[in-house]
Structure formats: C-alpha cells, structure tokens
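For reference, positions follow the sequence shown, starting with 1.
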Amino acid sequence: MTNWEYARLEYRAAGTLGADRFMDWTATFHHPGGVLRWGTDERFDDLRHLNRAGAAGWQAYDRAAQHVHNEPHRLSVVTYSMRRPVP
C-alpha cells in the first residue's frame, strides 16, 4: 500500500482582467511543509512550474480552472492537485 502526501500548485492571474492579453500570472505551491511563492510570469506559462514540481517527485492528478463570472470568458485561476509517495 502506498501512502501519499498531497499538495497543490495555484496559478493565479495577478494583473487586471481587462483587454491586456499578457496578464501576469503568479505561481504558489502549497505543500505539507508550508507555502512557497514560485514567482510571476508575464504570460500564462505553467509548464515551467509543473516541471519544477515533477523534478521534486510530485505527480499532477487533477486540474481545475476558474473563470470570472459576468466577464468575458477568461481564466483567473488554474489549480493543479498533486501527490507524491511518502518515502
């Protein structure tokens, strides 16, 4: 039986949600040891952060996207649920 520890990578729009198509996105990694701020990207580029988590042994098993209601269809938050086996 495998025991897992869980984390989440939250990728949130940091800028305004106006007509700017190059919004800033902030990556925050929540894990059992605390919260790590992984920096801000000038455009949506979460692959770098997913690769960083993968290098530490984390596996993404779910992705949830949230949109702003009553606004044009734009992402505001993308959350990745992650897990890794407990050594």
**Student:** Return the CG to NE2 distance between Leu9 and His30, rounded to the nearest 0.5 Å.
**Tutor:**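 Answer for the CG-NE2 pair, Leu9 versus His30, is 8.5 Å.
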**Student:** To the nearest 0.5 angstrom, please state how far the OH atom of Tyr11 sits from the OG1 atom of Thr79.
**Tutor:**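 Nearest 0.5 Å value for the OH-OG1 distance: 12.5 Å.
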**Student:** Is it possible for you to say whether Tyr61 and Val78 belong to one hydrophobic cluster, with membership spreading through side-chain heavy-atom contacts below 4.5 Å?
**Tutor:**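 Not linked; separate clusters.
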**Student:** How long is the span from the CZ atom in Arg63 to the CG atom in Leu50, to the nearest 0.5 Å?
**Tutor:**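 One finds 9.0 Å between CZ of Arg63 and CG of Leu50.
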**Student:** Of all heavy-atom pairs between Gly57 and Arg84, which one has the smallest distance, and what is that distance?
**Tutor:**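 What the structure gives for the nearest pair is O-CB, 3.1 Å.
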**Student:** Quick one, Glu10 and Arg8 - any side-chain contact, counting heavy atoms below 4.5 Å?
**Tutor:**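 In contact.
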**Student:** Kindly write out the residues that satisfy side chain to side chain donor-acceptor pair (under 3.5 Å) with Gln66, not counting sequence neighbours, or none if the list is empty.
**Tutor:**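 With neighbours one apart ignored, the set is empty.
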**Student:** Got Thr26 and Arg37 here, is their nearest side-chain heavy-atom distance under 4.5 Å?
**Tutor:**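 Contact flag for Thr26/Arg37 side chains = no.
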**Student:** Excluding sequence neighbours, so at least two apart, what forms ring-ring contact (aromatic ring centres under 6.0 Å, His included) with Phe29?
**Tutor:**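 Phe29: ring-ring contact (aromatic ring centres under 6.0 Å, His included) contacts with His31, Trp38, Trp58.
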**Student:** Working to the nearest 0.5 Å, report the span between OG1 of Thr2 and CZ of Arg83.
**Tutor:**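 Result: 8.5 Å between the selected atoms.
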